[in-house]
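No hydrogens, no waters, no symmetry mates; every other heavy atom, side chains included, goes into these values. Since the model is a prediction, treat every value here as computed from it, not as a measurement.
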Amino acid sequence: MSNMEKQLFNLKIATKELQRNSKKCDKEEKAEKAKVKQAIQKGNMEAAKIHAENAIRQKHQSLNFLRMSARVDAVASRVQTAVTMKQVSKSMSGVVKSMDATLKSMNLEKISALMDKFENQFETLDVQTAQMEDTMGNTTTLTTPQNEVDTLLHEMADEAGLDLNLELPAGHTSSMASSVASTEQDELSQRLSRLRDQVS
């Protein structure tokens with residue numbers, strides 16, 4: 001197994017670990033919500049507020065882990081393409097030097113910086129790689145049509161008997177980390193778009 005193939009394996013492991021962390025946060029959120037309810041029943045609004053803040057924080061952290069999992073998964077797909085087409089450049093191989101420790105740290109900021117380095121390398125891959133990805137059906141999570149995602153969300157909400165508008169958090173509750181993650185995804189989407197424009 002080459003060094004790059006080993007790191008590809010590590011990327012896939014990190015994707016699953018990030019998903020596990022997201023689920024842990026989900027459990028913590030549910031636990032905090034239960035404590036909110038208990039505190040309200042006891043008339044302790046100060047405690048209820050603290051547990052509510054904890055629940056919201058866990059919810060945003062869960063989403064951040066989930067977003068990063070999708071981002072790492074997208075990078076893993078592109079690394080797989082590069083390995084398959086034997087287009088792993090020396091500079092891309094150089095990115096993996098501190099990769100093990102970074103992925104194991106589960107530090108979203110460090111992992112994000114590592115993904116930035118990988119994504120910059122992908123911009124230098126030739127047109128052939130981009131064309132192959134197009135023929136593979138744009139399988140990365142970042143190219144999922146937003147309208148299809150929205151439609152599915154509403155369908156699932158209808159099946160659950162929920163009003164999606166009521167379930168979605170208000171804009172002012174979003175954390176700074178969540179905003180940063182969204183900005184990073186937007187930037188990556190723009191890079192991918194530019195790469196495709198070069199192909200067409």
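- The two atoms that bring Ala14 and Leu103 nearest to each other are CB-CD2, 3.8 Å, heavy atoms only.
- With salt bridges taken as basic N to acidic carboxylate O contacts below 4.0 Å, one links Arg71 and Asp116.
- For CD of Glu109, the number of neighbouring non-hydrogen atoms (other residues, nucleotides, ligands) closer than 6.0 Å is 12 at most.
- The structure places CE of Met68 at 9.5 Å from CG of Asn107, a figure rounded to the nearest 0.5 Å.
- Salt-bridge formation is not detected for the pair Arg57/Glu53: no Lys NZ or Arg NE/NH1/NH2 atom is positioned less than 4.0 Å from an Asp or Glu carboxylate oxygen.
- To the nearest 0.5 Å, atom CG of residue Asp73 and atom CD of residue Gln19 are 7.5 Å apart.
- Leu11 is listed as a side-chain neighbour of Val75, based on a closest heavy-atom distance under 4.5 Å.
- Of all heavy-atom pairs between Ala55 and Lys33, the closest is CB-CG, 4.2 Å.
- Counting heavy atoms from C-beta on, the side chains of Asp26 and Lys24 never come closer than 4.5 Å.
- Within 6.0 Å of CD on Gln41 lie more than 12 heavy atoms contributed by other residues, nucleotides or ligands.
- Between Gln80 and Lys12, the closest side-chain pair of non-hydrogen atoms falls below 4.5 Å.
- Separating the CZ atom in Phe65 from the CG atom in Asn21 is a distance of 4.5 Å, to the nearest 0.5 Å.
- Proximity of Leu18 to Ile111: side-chain heavy atoms (C-beta onward) are separated by under 4.5 Å at one or more points.
- The closest side-chain donor-acceptor pair between Thr15 and Ser69, if any, does not fall under 3.5 angstrom.
- A distance of 11.5 Å separates OG in Ser112 from NZ in Lys117, rounded to the nearest 0.5 Å.
- A salt bridge links Arg20 with Glu17: the closest approach of a Lys/Arg side-chain nitrogen to an acidic carboxylate oxygen falls below 4.0 angstrom.
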